Amino acid sequence: MKVLYVLDSYLNYHIDVFAVLARELRSYDVIAYVISRREKENENFYIVKQPSISELNNLKKIVEKENIDIIHSFSFGYSGLISKYLSNMTKRKLFYTFIRDPFTGNSLVNNLIKKYLDFLLRDAILVLPKKIRAFPIKPHYILPIGLDVSNPVKDADLNRIIAFDIYNYKFLNRGSNIRTLIDQAPTISNLSRDFKITIYSSDPKSYSSTYKNLTIEPLSIKFRAGIYYHGYTDQFIDLFMIKNILRGGKVVLNSKSPLADMFDEHSIFNDSKELPMKIKDIRDLDVNYSEIVEQYNIKKLAPLYKYAYSNI
């Protein structure tokens, strides 16, 4: 069986994860190919810098050349739409993994999104990376995106608070709430002069670093582990967060996040004013994330992917 992965822009920063998934799936007679905007030294990674409607014929050639059985898109947005057209052109079965909530706080916009999703998911398999409370569309499978958790490198600096802002657009999502962390930077500094905040952004020029304990850097997959600020209220998976845990870091996250039910009260803040003390307290706590990490253990997840692909 052969599967073609088409990645959301966020996942282009985690090609290593899909390299691990491809390696593990080979043990179950599943060969994975990846359409990615970022280069990776792997024979199964096709580099398509800007997948667009104009490149559908090239993608069709890849599907036919490699005799792909399943197209698996990790996006309901632009890449997801391309995957839909590609599936229609090649008559291959289509899987979708939504990595964020497609719905907004606007009922009129949501009606349009629902019609779009009805079109997108017609004759397709919906997968979510975790169970989501009150999600209006029932998924066929719950399949987390797996990582290699066998040999974590512990390099956490718990005086460093890190955050990621990967959104390049603001219309259909609720963003990363990075501003909350920036606004609390002076208070965090007052609590401890050792605290340093680093925000990795896809658009660092859109921020102005006005505090001595705050730096804004270009988005990078090479980051120093520390106390991870997860402010997203619409993400179903945050691989930067999980990788930070693997490196010995800790997490504070918004109670409105779909991921909040994975963590105990020590990691969750309800109001932005709670954030500085939450960061200070968790630095000194002995927190065990082993159960969370095991949910993303690729060794356990690969056979579940095989099962899903074999039962369509």
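In this text the structure is predicted, and so the values were computed from the model without any measurement.
- Put simply, the residue from Y232, Y200, Y207 that forms a side-chain hydrogen bond (donor to acceptor under 3.5 Å, both in side chains) with D165 is Y207.
- In this structure the side chain of I145 never reaches within 4.5 angstrom of the side chain of L21, judged on heavy atoms.
- With sequence neighbours left out, K243 forms a salt bridge (Lys or Arg N to Asp or Glu O under 4.0 Å) with D16.
- The side-chain hydrogen bond (donor to acceptor under 3.5 Å, both in side chains) contacts involving residues 126-143 comprise K130-D261, where partners must be two or more places apart or lie in separate chains.
- Considering only heavy atoms from C-beta on, M277 stays 4.5 Å or farther from T187 through its side chain.
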request  = Test Y116 against F76 for ring-ring contact (aromatic ring centres under 6.0 Å, His included), laying out the working first.
outcome  = CA-CA 9 Å; Y116 169 67; F76 65 85; 7.2 Å; no
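- The line from CD1 of I71 to CD1 of I82 is 11.5 Å long, rounded to the nearest 0.5 Å.
- K93 places a side-chain N or O within donor-acceptor distance of the main-chain N or O of D123, the cut-off being under 3.5 Å.
- Looking at residues two or more places apart in sequence or on another chain, you find no salt bridge (Lys or Arg N to Asp or Glu O under 4.0 Å) involving E217.
- Taking 4.5 Å as the limit, some side-chain heavy atom of L126 sits within range of a side-chain heavy atom of P139.
- Of all the heavy atoms in M262 and I292, the pair that sits closest is O-CD1, 3.3 Å.
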message = Could you go through S192 and R283, starting from their C-alpha distance and side-chain angles, then the distance that decides it, and tell me whether this counts as side chain to side chain contact (heavy atoms under 4.5 Å, CB included)?
response = CA-CA 11 Å; S192 173; R283 177 179 60 176; 3.6 Å; yes
query = When you look at Y228 and D238, which way does the side chain to side chain contact (heavy atoms under 4.5 Å, CB included) test go after all the steps?
reply = CA-CA 11 Å; Y228 187 98; D238 187 343; 2.8 Å; yes
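- In terms of the ring-ring contact (aromatic ring centres under 6.0 Å, His included) criterion, residue partners of F240 (sequence neighbours excluded) are, by chain and number, H14, F164, F223.
- Closest of all the heavy-atom pairs between P102 and I113 is O-CD1, 3.1 Å.
- There is no side-chain donor-acceptor pair under 3.5 Å between S79 and D8.
- Taking the ring-ring contact (aromatic ring centres under 6.0 Å, His included) definition, one finds that F74 meets it with Y5, F18, H72, sequence neighbours left out.
- For E294, the salt bridge (Lys or Arg N to Asp or Glu O under 4.0 Å) partners are K300, not counting sequence neighbours.
- From N244, atom CG reaches atom CG of D155 across 8.5 Å, with rounding to the nearest 0.5 Å.
- For the pair N110 (side chain) and T104 (backbone), a donor-acceptor distance under 3.5 Å is present.
- Every side-chain contact (heavy atoms from CB on, under 4.5 Å) that S189 has, sequence neighbours left out, goes to N213.
- Every ring-ring contact (aromatic ring centres under 6.0 Å, His included) that F135 has, sequence neighbours left out, goes to F236.
- Shown here are the side-chain contact (heavy atoms from CB on, under 4.5 Å) partners of D183, two or more places apart in sequence or in another chain: R179.
- With contacts defined as side-chain heavy-atom distances shorter than 4.5 Å, the pair L181/I188 qualifies.
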task = With side chain to side chain contact (heavy atoms under 4.5 Å, CB included) as the test, would you mind laying out the steps for L143 and Y307 before giving the verdict?
result = CA-CA 11 Å; L143 290 175; Y307 176 83; over 6 Å; no
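- Classification of R122 and D118 as a salt-bridged pair fails, no side-chain N sitting under 4.0 Å from a carboxylate O.
- The minimum heavy-atom distance linking L147 with L246 is given by the pair CD2-CD1, 4.0 Å.
- Atom CG in L259 sits 6.5 Å away from atom CD1 in I237 (nearest 0.5 Å).
- One distance of note links CZ of R224 with OG1 of T198; it measures 8.0 Å at 0.5 Å rounding.
- Closest of all the heavy-atom pairs between E64 and R92 is CA-NH2, 4.5 Å.
- Contact annotation: the side chain of Y305 never approaches that of V3 to less than 4.5 Å [non-hydrogen atoms, C-beta and beyond].
- Connection of I197 to Y211 is established within a shared hydrophobic cluster, with ILVMFWY side chains joined at heavy-atom distances below 4.5 Å, either directly or through further cluster members.
- A donor-acceptor pair is defined here as one N or O able to donate and one able to accept, closer than 3.5 Å; such a pair exists between the side chain of K84 and the backbone of F119.
- The hydrophobic clustering, which links ILVMFWY residues whose side-chain heavy atoms are closer than 4.5 Å, places M241 and L285 together.
- Residues passing the side-chain contact (heavy atoms from CB on, under 4.5 Å) test with N190, sequence neighbours excluded: none.
- Between L86 and L56, the closest side-chain pair of non-hydrogen atoms falls below 4.5 Å.
- When the side-chain contact (heavy atoms from CB on, under 4.5 Å) test is applied to D69, the partners found at least two apart in sequence or on another chain are M1, K2.
- Taking each heavy atom of I161 and Y229 in turn, the nearest pair found is CG2-CB, 4.4 Å.
- The distance from the CZ atom of F269 to the OG atom of S257 is 9.5 Å, given to the nearest 0.5 Å.
- When the salt bridge (Lys or Arg N to Asp or Glu O under 4.0 Å) test is applied to D148, the partners found at least two apart in sequence or on another chain are R23.
- In this structure, N177 contributes its side chain and T180 its backbone to no donor-acceptor pair below 3.5 Å.
- By the neighbour-count criterion of 12 heavy atoms within 6.0 Å, atom NZ of K280 is sparsely surrounded, having that number or fewer from other residues, nucleotides or ligands.
- Heavy-atom minimum distance, G80 versus S73: CA-OG, 3.4 Å.
- The distance from atom CZ of F263 to atom NZ of K250, rounded to the nearest 0.5 Å, is 13.0 Å.
- Using a distance-only test at 3.5 Å, with no hydrogens or angles considered, a donor-acceptor pair links the side chain of K278 to the main chain of I268.
- Under 3.5 Å, the side chains of N288 and S290 contain a donor-acceptor pair of N or O atoms.
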